[in-house]
Protein chains: 2
Amino acid sequence: MNISEAAASAGLPAKTIRYYEDIGLLHPARDANGYRRFSDNDLHKLTFLARARGLGFSIEDCRRLLALWEDQERASADVRQLASAHLQGIEAKIADLRAMHDTLSDLVQRCAGDNRPDCPILNSLQS
Amino acid sequence: MNISEAAASAGLPAKTIRYYEDIGLLHPARDANGYRRFSDNDLHKLTFLARARGLGFSIEDCRRLLALWEDQERASADVRQLASAHLQGIEAKIADLRAMHDTLSDLVQRCAGDNRPDCPILNSLQS
DNA sequence: TCTTGACCTTCCAGTCACTGGAACCCTTAT
DNA sequence: ATAAGGGTTCCAGTGACTGGAAGGTCAAGA
């Protein structure tokens with residue numbers, strides 16, 4: 001299976017797959033002509049990566065998750081620890097965004113949005 | 001007022017202020033020795049930028065907001081339009097993060113987090 | 001006067017996770 | 001012979017800084 005099929009199967013752009021190889025997340029074999037040849041295992045890894053990235057894990061987290069995934073002796077506590085830390089990060093981001101949202105939403109509602117220059121949004125940004 | 005005072009006053013790192021000058025957001029005067037000298041207007045702009053960035057506006061949005069702020073003839077509708085679009089972006093990000101959060105939080109709860117290798121988190125990532 | 005330390009300057013490189021594009025090779029069909 | 005549609009590498013750019021090196025400037029103290 002070559003790269004465009006692998007891309008379709010994993011739901012990732014071919015460019016991204018090349019990039020993942022570049023940074024050592026997987027090592028597909030090569031055909032005689034230099035084309036990448038993706039094994040089932042490569043495909044599983046790509047799908048795993050696509051899902052982990054979809055959950056917002058960083059590339060470095062994905063690398064660790066892949067290592068845990070391939071380690072039959074892993075402790076689920078290690079996976080859980082990684083996921084919990086990430087979950088906390090997500091919660092922090094949501095809180096930040098919520099705060100921005102609430103402030104901004106209030107300002108937008110108070111802005112007349114007409115031809116006149118007076119604007120509570122700009123007023124609130126000014127010292 | 002030189003850069004470290006301006007930085008303290010606006011709540012921005014000096015590096016960031018230099019960067020903002022670099023990309024043309026402000027143009028502080030220079031003393032004979034080459035040091036930047038910040039006027040009151042420069043300080044107002046920096047505070048404005050710090051607050052707008054704090055609300056998550058992109059640098060390009062900040063540039064547009066600054067231009068509107070300085071334009072006495074602006075229509076508040078233009079400001080509101082910009083802010084509304086940004087608000088929508090924030091809402092989309094929150095929705096994405098919430099989805100990640102809900103999935104991940106469920107997986108974390110279902111993971112025993114012990115010495116054994118069996119792990120619902122890894123299972124859900126695998127094809 | 002000399003030195004020390006805290007300022008300031010510019011410039012270059014790195015971050016993160018891709019993404020676009022150029023230039024070129026391989027394969028298959030017409 | 002040529003064209004289309006794969007594949008390859010390598011380089012540069014994204015956003016918004018941030019770190020660090022190398023060096024100039026200034027005020028205070030021995």
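Residue numbering restarts at 1 for every chain, and letters A, B, ... go by the order of the sequence lines.
Closest to the side chain of B:Tyr35, out of D:dG24, D:dG6, C:dC18, is D:dG24. Of the candidates C:dC8, D:dT8, D:dT18, the closest approach to any side-chain atom of B:Ser4 belongs to C:dC8. Of the candidate nucleotides D:dG6, C:dC18, D:dT8, D:dT8 has the atom nearest to the side chain of A:Arg30. Here the side chain of A:Ser58 is nearest to one of C:dA17, D:dC17, C:dT9, namely C:dA17. When the nucleotides D:dT9, C:dG21, C:dT19 are ranked by their closest atom to the side chain of A:Lys15, C:dG21 comes out on top. The B:Thr16 side chain lies nearest to D:dC17 when the options are D:dC17, C:dC18, C:dT9.
The nearest whole Å value for the distance from the CD1 atom in A:Ile59 to the P atom in C:dG14 is 19 Å. Here D:dT8 presents its P atom at 18 Å from OH of A:Tyr19, a figure rounded to the nearest Å. Atom CG in A:Asp61 sits roughly 13 Å away from atom C1' in C:dC16 (whole-Å rounding). Distance, B:Arg18 CZ to D:dG20 P: 15 Å, rounded to whole Å. Between A:Ile17 atom CD1 and C:dC18 atom P there is a gap of 11 Å when expressed in whole angstrom units. The distance between atom CD of A:Glu5 and atom P of D:dG6, rounded to the nearest whole Å, is 11 Å. Rounded to whole angstrom, the span from the CD1 atom of B:Ile3 across to the C1' atom of C:dT10 amounts to 12 Å. Summarising the geometry, the separation between CG on B:Asp31 and P on D:dG24 is reported as 19 Å, rounded to the nearest angstrom.
For B:Asn33 and D:dG24, the shortest distance from a side-chain N or O to OP1 or OP2 is not below 4.0 Å. Close to D:dT9, at under 4.0 Å from its OP1 or OP2, lies a side-chain N or O of A:Arg36.
For the atom pair CE of A:Met1 and CG of A:Asp42, the computed distance is 10.5 Å after rounding to the nearest 0.5 Å.
The residue B:Tyr20 sits close only to the backbone: its heavy atoms come under 4.0 Å of sugar-phosphate atoms, none of a base. Using a 4.0 Å heavy-atom distance criterion, A:Ile23 is classed as making no nucleic acid contact. Counting non-hydrogen atoms under 4.0 angstrom, A:Arg53 reaches the backbone sugars and phosphates but no base.
A donor-acceptor pair is defined here as one N or O able to donate and one able to accept, closer than 3.5 Å; no such pair exists between the side chain of B:Arg64 and the backbone of B:Leu82. Within the 3.5 Å criterion, the main-chain N or O of A:Arg116 finds a donor-acceptor partner in the side chain of A:Asp114.
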Tell me, with the steps shown, if B:Ser76 and A:Asp118 meet side chain to side chain donor-acceptor pair (under 3.5 Å).
CA-CA 6 Å; B:Ser76 69; A:Asp118 179 54; over 6 Å; no
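Using bins of under 30°, 30° to 60° and over 60° for the plane-to-plane angle, the ring pair B:His86/B:Phe57 lands in the tilted bin.
Where A:Leu12 and B:Glu21 each meet DNA chain C at their nearest nucleotide, the meeting point lying more 5' is that of B:Glu21. Comparing A:Gly34 and B:Glu60 by the nucleotide of DNA chain D that holds the closest heavy atom to each, the one mapping nearer the 5' end is A:Gly34.
Of the N and O atoms on the side chains of B:Glu21 and B:His27, not one donor lies less than 3.5 Å from an acceptor on the other residue.
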